[in-house]
2 protein chains.
Amino acid sequence: MTPDHLSTTLSALADPTRRAILARLAGGQATVTELAAPFAMSMPAVSRHLKVLEHAGLITRGRQAQWRPCRITAEPLKEVADWVAHYQQFWTESLARLDAFLRVQQNKVKKSGQRKYHHKRKS
Amino acid sequence: MTPDHLSTTLSALADPTRRAILARLAGGQATVTELAAPFAMSMPAVSRHLKVLEHAGLITRGRQAQWRPCRITAEPLKEVADWVAHYQQFWTESLARLDAFLRVQQNKVKKSGQRKYHHKRKS
């Protein structure tokens, strides 16, 4: 792996068709013909996508000449997960702040409701 | 968010300088000048990278004309983490298989060692 393998992986994943191919392969190995079926796409176009995925190490292909089934390879995806995990504190904090904000709003609404109720009882 | 916001995010992240900028911003907000300092890069080049990050929603910029500090935004990173989490079983399984393989190898080595020992004792 070169130091910037992560960029190659992220670039390969930055395409909805390639992510759809990976999602299909998550269900088990498949041939190019099987992979091409759900897409309105020529076989050469699918082959080009597979080459990008293979270059990034996201898939491996069998060695039998005609029937070269593709398989998903997990390692580059783990590399992405490990990288993004460094930033987890940011969305956890954002959600915690949103949660705190909503609690304060909810309490304000409750107190305002109670005041209105007391006001009505007194008058 | 458009349906393919994830591709925009992954494409923005597929560059080591942009990831380095995000890593710097993880430590706190910074101006373009501060962000440019550690890179051997012109200000317009850094500005272009910031525009890509901003377009993907990975950073936001302050509104003061001269001093427009950049801040990291967590949501698109969470989207990446959520997407990649679907594949976690694959690397967990790979590691489990590797672990099982190593145990078998270790047991073989142990047994082979014991056989050699018994053999020596008998002879």
Side-chain angles (χ1 to χ4, degrees), chain A residues 1-30 39 49 52-53 55-60 70-99, chain B residues 1-30 39 49 52-53 55-60 70-99:
Chain A
M1 269 192 197
T2 61
D4 203 24
H5 187 261
L6 183 55
S7 293
T8 310
T9 305
L10 290 165
S11 179
L13 294 174
D15 179 281
T17 307
R18 289 198 286 271
R19 290 200 304 279
I21 289 173
L22 278 189
R24 164 66 187 81
L25 291 177
Q29 62 174 35
F39 305 106
H49 280 307
V52 177
L53 289 170
H55 174 68
L58 285 158
I59 64 164
T60 50
C70 302
R71 275 184 207 87
I72 199 168
T73 322
E75 284 71 20
L77 293 171
K78 186 179 184 308
E79 207 189 341
V80 173
D82 288 346
W83 177 82
V84 84
H86 292 297
Y87 295 89
Q88 193 171 354
Q89 53 156 321
F90 291 98
W91 65 79
T92 314
E93 276 170 20
S94 303
L95 286 176
R97 271 201 302 272
L98 180 65
D99 191 52
Chain B
M1 269 193 197
T2 61
D4 203 23
H5 188 262
L6 184 53
S7 293
T8 310
T9 304
L10 290 166
S11 179
L13 295 174
D15 180 280
T17 307
R18 289 198 286 271
R19 290 200 303 279
I21 289 172
L22 278 189
R24 164 64 188 81
L25 291 176
Q29 64 175 33
F39 305 107
H49 280 306
V52 176
L53 290 171
H55 174 67
L58 285 159
I59 64 164
T60 51
C70 303
R71 275 183 207 86
I72 199 167
T73 322
E75 285 70 19
L77 292 171
K78 186 179 185 309
E79 206 188 343
V80 173
D82 288 347
W83 177 82
V84 83
H86 292 298
Y87 295 89
Q88 192 171 355
Q89 52 156 323
F90 290 99
W91 65 79
T92 315
E93 276 170 21
S94 302
L95 285 177
R97 271 199 303 271
L98 180 65
D99 192 51

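As a basis for the values below, the full set of heavy atoms in this structure was taken, side chains included, without hydrogen atoms, waters or symmetry mates. Chain letters run A, B, ... following the sequence lines, proteins first, then strands; residues in each count from 1.
- Per-residue heavy-atom pair counts under 4.5 Å with chain B were compared for A/A26, A/A14, A/A81, and the maximum is reached by A/A14.
- With a 4.5 Å cut-off on side-chain heavy atoms, A/Y87 and B/V80 do not count as touching.
- If you measure heavy-atom distances from B/A23 to chain A, the contacts under 4.5 Å come from both the backbone and the side chain.
- Taken to the nearest 0.5 Å, the CZ atom of A/F90 stands 9.5 Å off from the CG atom of B/L22.
- One finds the CZ atom of A/R19 at 5.0 Å from the CG atom of B/D4 (value rounded to the nearest 0.5 Å).
- Here CG of B/L13 is found 12.0 Å from OG1 of A/T9. Values are rounded to the nearest 0.5 Å.
- With a 4.5 Å cut-off on non-hydrogen atoms, A/A12 does not touch chain B at all.
- Contacts of A/I72 with chain B are made by side-chain atoms alone, with heavy-atom separations under 4.5 Å and no backbone atom involved.
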